[in-house]
Amino acid sequence: MRIGIDVGGTNTDAVLIDGSTVLAEIKTATTEDVTSGIAAALAALQAAAGHDPASVQGVMIGTTHFINAIIEGRNLAPTAAIRLGLPATEALPPMSGWPARLVTAIKGRGYLCHGGHEIDGRMISRLRRDELERASEDIVAHGVRAIAISSVYSPVNAECELEAAEILRGLLPDVPISVSHQIGRMGLLERENATIINACLSGLATHICRGLADAVSAAGIDAPLFLSQNDGTLMDVEHARRYPVATFASGPTNSMRGAAFLSGLRDCAVVDVGGTTTDVGMLRHGFPHEASTEVSVSGIRTNFRMPDVLSVGIGGGSRVREDPVTVGPDSVGFRLTEDALVFGGRTLTATDIAVAAGIADIGDRSLVRGLDRSLVEAVLARIGADISAVVDRVRTSAQATPVVAVGGGSILVPDDLPGVGAVHRPEHHATANAIGAAIAQVGGEVDRMYSMAPGERERLLDEAKQEAVDKAVAAGAKPDSVQIVDVDEVPLAYLPGNATRIRVKAVGDLVLAD
Amino acid sequence: MAITLQLDDLPDLARGAALLGTGGGGDPYIGLLLVSAELERGRTITLIDPDEVDDDALVVASAFMGAPTVVIEKIPGGDEPVIALRRLEQHLGRAADAIIPMECGGLNSMVPLLVAARTGLPVVDGDGMGRAFPELQMETFGVYGVSGSPIAICNERKHVTVIDTGPDNHSMEWYARGTTIRMGGVSYIAEYPMTGAQVKRTAIPRTMSLALRLGRVIREAREQHRDPFEALTECLSDTIYQHGRVLLEGKVVDVERRSADGFVRGTARISTFDGSRTVELTFQNEHLVARDGKRLLAIVPDLISVLDAESAAPITTEALRYGQRVRIFAISTPPIMRTPEALEVFGPRAFGLDEDWTPVEELSTV
């Protein structure tokens, strides 16, 4: 048995799963400190399922806590970004192009130092210890609590970053350090941005990860604790503490993978309706379709691979207006149980419409009995049309696409979306995110330089793929479930023998020990 | 008429320049950040019409050269193109009166603006490529008799070399490319020193303001929920470029690229959603040819760009990835780029393609 938990902005959902059977599902409110919410969710799950805590083999948690901290600009550590590359890169210091609000939120300080490599592996300039010493004095003087180190061409040669990290660790033993080659890929600014984001989350990550571990052991569970990553694979708590940025896209990834699991569909559109927004993404061969252009997180350009999800401001708490009929984008959010008509409030929401239409039974139905029938129908038609338009934009094929509706607000999705097709509403759809976390997979990665003679590309790629598959299996993946999810080739132009850096990632379903 | 560029103009200019970059020329995003930082410091950039340049003024072309994939990793120090200009002036014994973009497509739309901001020199609204091209001799300046030499080349170490090959622009490209590789794959240059009269005779006019306009058209179409591709076609119809059309809408099904000899070469295949048609794009930094099986859809020097199917955001060849939903958009080149002497320098055969150029507007799309 395993437990999946999804910590969202409003609700914390938990499920207990045995094999492919959902034994119990519960919803609780997310708490400010996250930990007490998880403790409450585990207690509620225990009450619902009555299982023996000792029989739980793994706890998988998906959380939007870290990305929300960036979006809201709170609980972030004062951060220094040290870049090695002088005399190159001086024209654009770290945090160029960032929203001023976020630079202020992390009290961001950039330092340009010598170091870095050329594309052919030669050094741009030698690392200088005196520059790092001067930077560390300034860092101490300004109360910096986290350091991000980036170096030109570190994905080709990480020496400078590693050496600088070693020196700074000696000078500032208590300050956590993130290095860019472990976080991003080619593209200095985007990789550095992701590294700075990771660094500024380090204090929060330590706090949250400890809290999660405490909550789980307090519930009497003695099983490994995992967090979901962007690509739908799991990482252990220690890894999550060091790389919180790897959780950023786990929300949409979990909801889409949960939808695939519940519906049995591998190619479909997934419509996830929450309290405030509806997120729509595509599953292809069981995996989320990725964004094509650069991904901006809260106005910061990064090169994360994230699911291509379009959002529209429609959810259970969306405000409904007449003349003309509109739904959202504003929402009463967590005040639904005070403001909505069915709860005795004065605001007409999408939930009130659903209750009036008889498709939901929440609050006091008699309070919406007076709503005009034609208004109710017009609002439901509006919601159907708006969601259809988003599905139409997301789908990758002109052919009819099956649609799976999940999330607490998915009752609002009509059974038949105009111009799109039939809607599947699988059992347990309301906790698809937590289910997605519970069924998350394990991965194997190959990252190596190859000398690629003409005509050998196919063979070397195949070799790298096979090795990644073998590693995933060694990490505990079920062999017949392993698939290649990412192939990244970086040709290094001027090295002899067509040197190419190949990165391949394979993932498969985790087999848990009995 | 002279235009003073505003901070708000730059994202539109970058978008339009990326479209004219035809997949290459480098992502203008880095250039956008560089030039924005100059304007935020209070520096100004003036764009002047070619007709406003004195016949005996000294005008110098400014640019970066090398693999665009290197620029996104090894960002410039910032002074390199200014140092190249100053060294060329020193070599010529005369100060420049204005600078002109070598290439209006991609990152090179921005490098001259950086020089303008740092030196106070005006930028001529025009260029020598009308798009992006991979080599220095592929400029209308040279096609119509201007020598690219002497050229000054500088890197982030402020190391500079001057190459003078007389009227032989091919050899200038060859030596400059070798120097650029040794300099770490990217360098910043000042070249094609010429008179105002030569600018008026050989430059493709008003391509910078065109890039600004095309970028604005895409943004405004999105804001007004209009089809940006229709808006582009409409906008192009009253310019010297005349024709713009969608060749295919589909998704990227394969990309193969390799860096060699200072260029990024490769192919991309894009299939319609129902899989019934597949177009193959061949690129050498920029897209050279679009084919549906054996059938030709567009060929250099006409422009072939890959844009996001929804937003019409241009996608460079280095950013092309499996699964992207895109439209291939072709634009006809202006008449000054279609003469026999121009086609000899940047027509299909100049890229080793064994076929003649056919105007894109005469090829069928279906």
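Since the structure is predicted, the reported quantities are computational estimates derived from the model, not experimental observations.
Ranking A:L189, A:I124, A:L112 against chain B, the residue ahead of the rest is A:I124, based on heavy-atom pairs under 4.5 Å. Per-residue counts of heavy-atom pairs under 4.5 Å with chain B were compared for A:A88, A:P155, A:G85; the largest is that of A:A88. Interface remark: of the candidates B:I72, B:I75, B:T272, B:L114, B:I75 forms the most heavy-atom pairs closer than 4.5 Å to chain A. Of the residues considered (A:E118, A:R122, A:R191), A:E118 shows the highest number of contacts with chain B, using heavy-atom pairs under 4.5 Å.
For A:S151, the part lying near chain B is the backbone, with the side chain staying farther off; criterion is any non-hydrogen pair under 4.5 Å. In this structure, chain B has no heavy atom under 4.5 Å from any part of A:S125. With a 4.5 Å cut-off on non-hydrogen atoms, B:E310 touches chain A through its side chain but not through its backbone. B:E80 does not touch chain A: none of its heavy atoms, backbone or side chain, sits under 4.5 Å away.
Counting only N and O atoms by type, the side chains of A:S180 and A:T195 include no donor and acceptor under 3.5 Å apart. Using modelled atom types and a 3.5 Å distance limit, the side chains of B:R177 and B:Y175 yield no donor-acceptor pair.
The environment of B:R41 atom CZ is dense: over 12 non-hydrogen atoms of other residues, nucleotides or ligands sit within 6.0 angstrom. Under a cut-off of 6.0 angstrom, the local environment of CH2 in A:W98 is crowded, with over 12 non-hydrogen atoms contributed by other residues, nucleotides or ligands.
For the pair A:R301 and B:Y29, the cation sits on the ring face: its NZ or CZ lies under 6.0 Å from the ring centre, inside 45° of the axis.
A donor-acceptor pair under 3.5 Å is absent between the side-chain atoms of A:R83 and the main chain of A:H114, judged by distance alone.
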